[in-house]
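Letters go in sequence order (proteins before strands), and every chain restarts at 1. All values derive from a computational prediction rather than experimental measurement.
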Number of protein chains: 2
Amino acid sequence: MKITDRKAEIVAVSARLFKEKGYSAVTMRDIAQAMDIKAASLYNHIQSKQEILVLIIIEIAEEFTSVMNEIVNSNLSTLEKIEKVIQLHIKITLRNSDALACLNNDWMHLTDDQLSYFIKMREDYEQNFRKIIQEGIQNGQLKKSNQEVMVYAILSSLRTMYLWHSKSKGLDEKTLLKSFTSLYFKGLEN
Amino acid sequence: MKITDRKAEIVAVSARLFKEKGYSAVTMRDIAQAMDIKAASLYNHIQSKQEILVLIIIEIAEEFTSVMNEIVNSNLSTLEKIEKVIQLHIKITLRNSDALACLNNDWMHLTDDQLSYFIKMREDYEQNFRKIIQEGIQNGQLKKSNQEVMVYAILSSLRTMYLWHSKSKGLDEKTLLKSFTSLYFKGLEN
DNA sequence: TACAAAAACTAACAATTGTTAGTTTAATAG
DNA sequence: CTATTAAACTAACAATTGTTAGTTTTTGTA
């Protein structure tokens, strides 16, 4: 199946371009040029510009949703659950940071069903993470501080890891996990 | 001066629209419609779409730069300096979250001098924050963990506060500051 | 080698883009 | 009241947009 390969290539190239300038600022001619073909040729493989966006975002959103569900329904401790969430973000960031950038910045350009599907997944994801934090506060494993700040401060720094993780060397999965858990569990203070 | 008022209004309305869909996806006709005038009328007040973007981003970037410089050059303790940085982000987020969203997502659509000027400010800002963290590690006030993760995890969660701060009630300046400092200084763990 | 399918091409479209020119209305100061 | 200026308007432009139709080239297989 060559089609699938070429299609996947278009999606990957598009994700890289979308990361740089955003979905709206990237034209079909930009994507074509990056693949050394003409814009019209893209339509042998994809249906529309929209379809590219959907392919980039939805797959990765579903992965987040699915793994988060596993974590929440596991019988790990609160700290272990949080560690698993951190690990999930690190893994996907290292594997596909272009798609992640696109998910973060261009999800609002999804339309109709795909848009509401995405928003639903996103809300569920946040709600699940909130549940983990909430449980931890209740069972005394976590400090009694503002729950929403905990939820969003952590989530948003995990979500934007793609912006900086490649800037400095030696930030492999293990190092990132250790540093993140240290920061979020123990804090900065010595 | 009526011009200045009207111009400021255009900039404010634009920032709000840019926050929703991004600079590239918002047309001059969108902006005009939001102000109940025709697109051509905007040009009585502004020179170009680009100028709007510049006005939104540069002013706020300069404020960050300026206050960060004050903080770095002060003789506060490391923890106090970090607290001041957190406070800076909270204040600007509460005052002008639209512009902040624009700065975060659309800075790459600046051109030429303005673009390099912005990038320079951004790099300096990060470098200054890195310096604070570095000092803290050296003088023993901060834990010896990965410096870059500390820098970017904190900065990126502060930078994206505009995405969620208005979602839940009671998150005023004081509450945010207390919660952020608690999280980043002491961590989650009880 | 021949042939079918895949994947590229050229040319063009209708719609939308930022912007300009020229004109009319509204507001303000003498 | 009048003159000036600010700020709106209509109409249009040239360029760019995503996309389609029809055609040619490339590729893989029998």
Would you please name every residue forming a side chain to side chain contact (heavy atoms under 4.5 Å, CB included) with [X], sequence neighbours left out?
X        : answer
A:Thr111 : A:Gln50
B:Tyr43  : B:Met28
B:Val11  : B:Leu55, B:Ile56
A:Ala25  : A:Lys21, B:Ser24, B:His109

Check nucleotides 9-11 of chain D for protein N or O atoms closer than 3.5 Å to its own N or O atoms and list the pairs.
{"unit_1": "D:dC9", "atom_1": "OP2", "unit_2": "B:Lys38", "atom_2": "N", "d": "2.5"}
{"unit_1": "D:dC9", "atom_1": "OP2", "unit_2": "B:Ser41", "atom_2": "OG", "d": "2.9"}

Subject >> Pairs satisfying side-chain hydrogen bond (donor to acceptor under 3.5 Å, both in side chains), at least one member in residues 149-159 of chain A, at least two apart >> reply: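 Counting only pairs at least two positions apart or across chains, the side-chain hydrogen bond (donor to acceptor under 3.5 Å, both in side chains) contacts touching residues 149-159 of chain A are A:Glu126-A:Tyr152, A:Glu126-A:Arg159, A:Arg130-A:Tyr152, A:Ser156-B:Thr160, A:Ser157-A:Tyr184.
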Please tabulate, for the side chains in residues 134-141 of chain B, all donor-acceptor contacts under 3.5 angstrom to protein atoms that are two or more places apart in sequence or on a different chain.
{"unit_1": "B:Gln134", "atom_1": "NE2", "unit_2": "B:Gln147", "atom_2": "OE1", "d": "3.4"}
{"unit_1": "B:Glu135", "atom_1": "OE1", "unit_2": "B:Lys81", "atom_2": "NZ", "d": "3.3"}
{"unit_1": "B:Asn139", "atom_1": "OD1", "unit_2": "B:Gln141", "atom_2": "N", "d": "3.0"}
{"unit_1": "B:Asn139", "atom_1": "OD1", "unit_2": "B:Gln141", "atom_2": "NE2", "d": "3.4"}
{"unit_1": "B:Asn139", "atom_1": "ND2", "unit_2": "B:Glu135", "atom_2": "O", "d": "3.2"}
{"unit_1": "B:Gln141", "atom_1": "OE1", "unit_2": "B:Thr78", "atom_2": "N", "d": "3.4"}

Subject >> Qualifying residues under side-chain hydrogen bond (donor to acceptor under 3.5 Å, both in side chains), relative to A:Asn96, sequence neighbours excluded >> reply: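 A:Asn96 satisfies side-chain hydrogen bond (donor to acceptor under 3.5 Å, both in side chains) with no other residue.
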**OP:** Output all residues satisfying side-chain hydrogen bond (donor to acceptor under 3.5 Å, both in side chains) with A:Glu59, sequence neighbours left out; order by chain, then residue number.
**Re:**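 Checked A:Glu59 against side-chain hydrogen bond (donor to acceptor under 3.5 Å, both in side chains); zero matches.
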Subject >> Neighbours of DNA chain C within residues 22-35 of chain B, by heavy-atom distance under 4.0 Å >> reply: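 Hits under 4.0 Å, by residue number: B:Val26, B:Thr27, B:Met28, B:Arg29.
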With a cut-off of 3.5 Å and sequence neighbours excluded, list every side-chain donor-acceptor pair involving residues 114-122 of chain A.
{"unit_1": "A:Ser116", "atom_1": "OG", "unit_2": "A:Asp112", "atom_2": "O", "d": "3.2"}
{"unit_1": "A:Ser116", "atom_1": "OG", "unit_2": "A:Asp113", "atom_2": "O", "d": "3.2"}
{"unit_1": "A:Tyr117", "atom_1": "OH", "unit_2": "A:Glu62", "atom_2": "OE2", "d": "2.6"}
{"unit_1": "A:Lys120", "atom_1": "NZ", "unit_2": "A:Asp124", "atom_2": "OD2", "d": "2.9"}

**OP:** Can you pull out how bent the helix from C:dT1-D:dA30 to C:dG30-D:dC1 is, comparing the axes over its first five and last five pairs, to 10°?
**Re:**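 Computed from the C1' atoms at both ends, the axes differ by 20°.
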